[in-house]
Peer 1: 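Before we start, here is the structure in question, set down as structure tokens.
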Amino acid sequence: MAKNSTPKSGANSGIATQAGNGGETHQQAGAGDTAVLTTNQGMPISDNQNQLKSGARGPVLLEDFVLREKIFHFDHERIPERIVHARGSAAHGYFEAYEDLSEITRADLFSEKGKRTPVFTRFSTVAGGAGSVDTPRDVRGFAVKFYTQEGNWDLVGNNIPVFFIQDAIKFPDLIHAVKMEADRGYPQAASAHDTFWDFVGLMPETTHMIMWAMSDRTIPRTLRHIQGFGIHTFRLVNAEGKSTFVKFHWKPKQGLGSTLWDEAVKIAGADPDFQRRDLFEAIASGDFPEWELGIQAFDEEFADSLPYDVLDSTKIIPEELLPVRPIGRMVLDRNPDNFFAETEQVAYCPSNIVPGVDFSNDPLLQGRLFSYLDTQLKRLGSTNFHQIPVNAPKCPFGNFQRDGHMQMQVPQGRANYEPNSLAQAGEEGGPRESPSAGFTSFAGRAEQEEQGGKLRIRPESFADHYSQARMFFRSLDPAEQSHLASAVVFELSKVSLEHVRTRVLANLVNVDPELAARVADGLAMPLPKASATAAPVQDFDVSPALRIVRGPLELDTLEGKKFGILIADGSDAAEVKAVVAAVSKGGGTPFIVAPKVGGAKLSDGKVMAADGQLAGSPSVLFDAVAVLLSEDGCNTLLKEGAAVQFVMDAFGHLKAIGHSEAAQPLLDKAGVEADEGVVDAAKFADAAVKRYWDREPKVRILA
Ligand code: HDD
């Protein structure tokens with residue numbers, strides 16, 4: 001063994017300084033800066049490369065406090081990940097009110113037209129761990145922290161307007177059932193397994209949400225293309241104390257978009273961080289995603305007129321029945337500076353509300369009001385988690401709560417109790433309650449108290465589990481209905497317990513006999529009789545607003561989308577440039593793919609650099625592709641599986657394919673058939689604005 005050398009190093013990497021309480025944290029020095037590397041005690045470090053040893057090749061000394069501090073800190077870097085929604089991506093931004101809403105709420109963020117309130121928004125998957133992939137079939141969390149001038153308001157919703165269960169006491173059962181099975185520790189981030197469907201079959205209240213979960217909603221194209229919902233009925237309360245029921249809706253200005261299942265599975269392999277990367281890159285490039293906040297506002301009389309209970313989180317109020325009124329917009333315009341400090345440590349609590357917002361008696365919401373605060377203590381380790389910059393209010397705040405682990409504030413004086421009369425002695429007396437400006441809970445209706453007594457019951461008005469599931473299924477576009485039926489077949493095919501499959505089928509008969517028959521056929525199982533229902537199933541009017549495919553939020557646009565342009569040596573320079581220009585002009589992002597990342601030599605003799613190598617840039621990463629090859633280039637790529645797959649997947653995923661004439665043999669080899677989505681390179685930008693749903697029966701057998 002060669003003798004160790006003992007190089008000396010003066011490398012300084014950087015130090016972090018933190019502003020005062022509630023301030024923001026900034027990295028102040030990078031490689032090459034002159035700031036001196038120090039220990040956490042501020043002592044300058046002379047050598048960050050070598051431990052302190054007894055002799056050049058001897059053992060390490062316990063005395064090496066520099067080493068011990070560094071390793072000690074490293075050993076404790078991880079904190080418990082969220083039990084649900086562990087994998088998330090977030091961004092800063094602002095909310096801007098469209099109008100003065102003081103008629104229905106005294107909340108300060110809605111008090112005047114144009115008023116801006118900072119936000120921090122975190123999107124997440126639910127079931128997978130923090131290191132799981134971005135594209136499993138799963139609900140997406142949509143949590144917004146509004147830093148209002150009267151405190152933080154957390155609207156902690158999902159991309160689906162209903163929930164699996166009606167009462168919070170079932171949440172641990174639901175989550176245990178969907179997460180990895182207890183003995184084997186798999187499957188990760190997947191609902192396609194025995195225990196989840198066992199729970200679903202036995203809990204018919206999950207049926208409406210199951211329809212959404214098996215629809216294309218749970219395989220979104222990007223996080224920028226999802227809708228958000230507050231789900232529960234909340235209250236907005238004005239200065240006179242008048243309450244209005246509301247449901248909150250976030251509509252993406254980018255439009256709604258989904259993937260196909262085969263595509264989502266392949267993205268997971270090609271880029272496990274696909275959605276995180278997309279959000280980060282879009283914001284970094286100045287393409288700021290935006291959502292419109294809307295409310296469905298209604299009174300008790302309207303609520304009483306509905307054939308379902310507005311306190312039941314498994315129900316929606318169709319937009320056709322009660323339109324969504326836009327009240328503002330959210331723009332996400334800044335990536336976090338540090339993933340851990342912000343995205344990981346952000347602590348949302350549905351119990352964080354502000355004057356002008358209040359809860360309803362929804363039993364799911366009521367349980368959440370306890371759970372989140374409790375969970376933050378376990379995750380962040382201290383009751384002072386509200387002092388972490390991303391969690392701290394941006395308005396002044398103060399009270400007589402003191403001490404605790406990791407207290408960052410340094411309160412002055414003796415006033416740590418109230419009432420006190422220290423001010424009379426010229427000392428600081430501390431803050432006082434404000435009966436006029438402070439939050440007061442909405443008093444509620446007399447009848448609600450009359451229903452009193454301590455009861456563990458599910459109200460009769462929560463009994464219908466199928467009518468809205470039926471409405472949802474029948475509202476979808478036929479393409480989406482096929483995807484949904486196929487998703488149920490896929491998931492149930494992974495269920496090994498036959499009686500579980502049969503029970504789910506029996507529940508599906510109540511939703512829609514034809515859907516149940518399609519699923520039974522897909523499983524090659526007999527169709528059982530309908531299961532018993534607790535309430536008659538009703539035929540509600542369909543709600544076209546619920547569609548993604550050919551629905552009101554599906555936008556035919558290049559904006560905010562990414563397009564893969566496959567080139568190779570000899571590709572026509574003018575043609576490549578024209579396609580790049582057309583895509584860019586429409587607001588899309590062109591991404592050059594070539595066999596080698598250094599690029600390809602085009603017909604004009606110049607090398608065009610690639611954004612990605614073909615093997616690492618499959619077409620699943622793009623919204624549409626252009627294949628611009630010379631005859632020679634095409635001949636070479638005919639022997640490259642990745643090139644054939646690039647085209648084959650684009651076609652199979654119903655994407656537009658623009659191509660040079662010479663690329664035709666590659667298209668033929670990939671099994672591409674002519675249709676309106678397969679076009680000459682010159683027409684690519686026009687064709688690339690959408691997917692070609694009508695192509696699907698040619699490429700896939702669906703249930
Ligand atoms: Fe929850 C996290 C959304 C019901 C208990 N939930 C969490 C997050 C979202 C939701 C988006 C992640 C927030 C973040 O980005 O940090 N949860 C919902 C929605 C629900 C819902 C839309 C129903 C309408 N949740 C729900 C119930 C309970 C919880 C009924 C417990 C009784 N949820 C939690 C939790 C989590 C959480 C365990 C995990 C980490 C955290 O809170 O901060 O407390």
Side-chain angles (χ1 to χ4, degrees), residues 79-92 119-130 138-146 152-179 203 205-206 208-209 212-213 217-218 223 226-234 247-250 275-276 279 310-316 332 336 339-352 359-381 385-386 388 390-391:
I79 61 173
E81 67 176 35
R82 293 166 174 84
I83 163 71
V84 280
H85 298 266
R87 177 151 184 99
S89 306
H92 295 273
V119 299
F120 188 74
T121 299
R122 184 174 179 273
F123 305 103
S124 46
T125 53
V126 181
D138 200 355
V139 178
R140 297 301 186 281
F142 195 121
V144 182
K145 190 180 280 295
F146 297 88
N152 290 350
W153 172 34
D154 294 352
L155 184 56
V156 192
N158 280 339
N159 74 329
I160 287 178
V162 288
F163 201 64
F164 289 105
I165 47 170
Q166 297 173 321
D167 188 310
I169 201 168
K170 296 309 298 170
F171 191 72
D173 299 297
L174 165 73
I175 300 307
H176 287 170
V178 71
K179 283 226 152 200
M203 296 284 296
E205 71 196 56
T206 61
H208 188 194
M209 177 83 164
W212 287 81
R217 297 268 173 172
T218 47
L223 296 171
I226 61 174
Q227 232 170 323
F229 303 90
I231 302 172
H232 312 284
T233 295
F234 289 88
K247 294 241 178 206
F248 292 105
H249 295 248
W250 292 107
Q275 293 183 337
R276 176 174 293 179
L279 183 69
V310 298
L311 300 184
D312 173 358
S313 275
T314 67
K315 304 296 185 299
I316 60 165
L332 298 182
F339 185 87
F340 181 85
E342 302 180 279
T343 309
E344 193 57 27
Q345 292 198 115
V346 66
Y348 295 93
C349 296
S351 51
N352 289 350
F359 314 120
S360 71
N361 291 345
D362 176 340
L364 192 69
L365 174 60
Q366 294 282 323
R368 296 179 73 194
L369 302 182
F370 163 73
S371 179
Y372 289 66
L373 185 61
D374 192 46
T375 219
Q376 306 313 347
L377 177 60
K378 181 71 183 169
R379 270 185 4 90
L380 299 168
F385 71 85
H386 65 281
I388 295 171
V390 72
N391 294 322

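In each ligand, atom 1 is the first atom listed, and ligand 1 is the first ligand listed. It should be emphasised that the depicted structure is a prediction, and the values quoted were computed from it without experimental measurement. Numbers for residues simply follow the sequence, beginning at 1.
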Peer 1: Is there a side-chain contact between Val346 and Asn391 in this structure, where contact means two heavy atoms from C-beta onward sitting under 4.5 Å apart?
Peer 2: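 In short, these two side chains touch, coming nearer than 4.5 Å.
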Peer 1: What I want to know is whether Ser124 and ligand 1 share at least one N or O pair that is separated by under 3.5 angstrom.
Peer 2: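 Looking only at distances, the answer is no, because the N/O contact criterion of under 3.5 Å is not met.
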Peer 1: For Asp154 and Asn352, indicate whether the former's side chain and the latter's backbone hold a donor-acceptor pair under 3.5 Å.
Peer 2: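 Absent.
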Peer 1: Tell me the protein heavy atom at minimum distance from atom 38 (C) of ligand 1, and give that distance in Å.
Peer 2: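 Of every protein heavy atom, Ile83 CG2, 3.4 Å lies nearest to atom 38 (C) of ligand 1.
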Peer 1: Applying a strict 4.0 Å limit to heavy atoms, is Gly88 in contact with ligand 1?
Peer 2: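 No.
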Peer 1: Quick one: nearest non-hydrogen protein atom to atom 11 (C) of ligand 1, plus distance?
Peer 2: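 Nearest protein contact, heavy atoms only, for atom 11 (C) of ligand 1 is Gly157 O, 3.3 Å.
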Peer 1: Could you find the nearest protein heavy atom to atom 33 (N) of ligand 1 and give me its residue, atom name and distance?
Peer 2: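 Result for atom 33 (N) of ligand 1: Tyr372 OH, 2.8 Å.
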Peer 1: Please confirm whether the ring centroid of Trp250 lies under 6.0 Å from the ring centroid of Phe123.
Peer 2: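 No, the ring of Trp250 stays outside the 6.0 Å limit from the ring of Phe123, centre to centre.
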Peer 1: How close does the nearest protein non-hydrogen atom get to atom 28 (C) of ligand 1, and which residue and atom is it?
Peer 2: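 Looking at atom 28 (C) of ligand 1, the protein heavy atom closest to it is Phe171 CD2, 3.3 Å.
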Peer 1: Does any N or O of ligand 1 fall below 3.5 Å from an N or O anywhere on Ser313, backbone included?
Peer 2: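 No, no N or O pair falls under 3.5 Å.
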Peer 1: When you measure from the side chain of Thr125 to the backbone N and O of Asp138, does any donor-acceptor pair fall under 3.5 Å?
Peer 2: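 Judged by distance alone, no pair lies under 3.5 Å.
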Peer 1: Between Lys145 (side chain) and Arg122 (backbone), is there a donor-acceptor pair under 3.5 Å?
Peer 2: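 Answer holds: no.
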Peer 1: Can you see whether Phe229 has Lys247 sitting over its ring - NZ or CZ less than 6.0 Å from the centre and within 45° of the normal?
Peer 2: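 No, a cation-pi geometry is absent between Lys247 and Phe229.
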Peer 1: Looking only at protein heavy atoms, identify the closest one to atom 43 (O) of ligand 1 and say how far it is in Å.
Peer 2: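 So the nearest neighbour among protein heavy atoms is Gln376 NE2, 2.8 Å.
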Peer 1: Record the part of Phe163 in heavy-atom contact with ligand 1 below 4.0 Å; permitted values are side chain, backbone, both and neither.
Peer 2: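 For Phe163, only side-chain atoms sit under 4.0 Å from ligand 1.
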Peer 1: Indicate yes or no: at least one non-hydrogen side-chain atom of Val139 is less than 4.5 angstrom from one of Phe164.
Peer 2: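 When only atoms from C-beta onward are counted, Phe164 and Val139 do touch, with a gap below 4.5 Å.
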Peer 1: Using heavy-atom distances, let me know which of Phe370, Tyr348, Phe123 sits nearest atom 13 (C) of ligand 1.
Peer 2: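 It is Tyr348 whose heavy atom sits nearest to atom 13 (C) of ligand 1.
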Peer 1: Tell me the contacting part of Val84 for ligand 1: side chain, backbone, both, or neither, using a 4.0 Å heavy-atom threshold, strictly below.
Peer 2: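 Under 4.0 Å from ligand 1, Val84 contributes backbone and side-chain atoms.
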Peer 1: Tell me: protein heavy atom nearest atom 15 (O) of ligand 1, and distance?
Peer 2: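 Scanning the protein heavy atoms, the shortest distance from atom 15 (O) of ligand 1 goes to Arg122 NH1, 2.6 Å.
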Peer 1: Between Glu81, Arg368, Met209, flag the one that comes closest to atom 4 (C) of ligand 1 by a heavy atom.
Peer 2: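 Closest candidate by heavy-atom distance is Arg368.
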Peer 1: Checking contacts here: is it the side chain or the backbone of Ile231 that comes within 4.0 Å of ligand 1, counting heavy atoms only? Could be both or neither.
Peer 2: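 Near ligand 1, Ile231 shows its side chain, while the N, CA, C and O stay back.
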Peer 1: For atom 44 (O) of ligand 1, what's the nearest protein heavy atom and its distance?
Peer 2: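 The closest heavy atom on the protein side is Ser371 OG, 3.2 Å.
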Peer 1: Please list all pairs passing the salt bridge (charged side-chain N to carboxylate O under 4.0 Å, His left out) test where one or both residues lie in residues 368-381, with sequence neighbours left out.
Peer 2: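 For residues 368-381: Glu344-Arg379.
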Peer 1: Give me the nearest non-hydrogen protein atom to atom 7 (C) of ligand 1 as residue plus atom name, then the distance to 0.1 Å.
Peer 2: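 The answer is His85 CD2, 3.2 Å.
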Peer 1: What I want to find out is whether Asp173 reaches Lys170 closely enough, with some N-O distance under 4.0 Å, to be called a salt bridge.
Peer 2: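 Between Lys170 and Asp173 there is a salt bridge, with a charged N closer than 4.0 Å to a carboxylate O.
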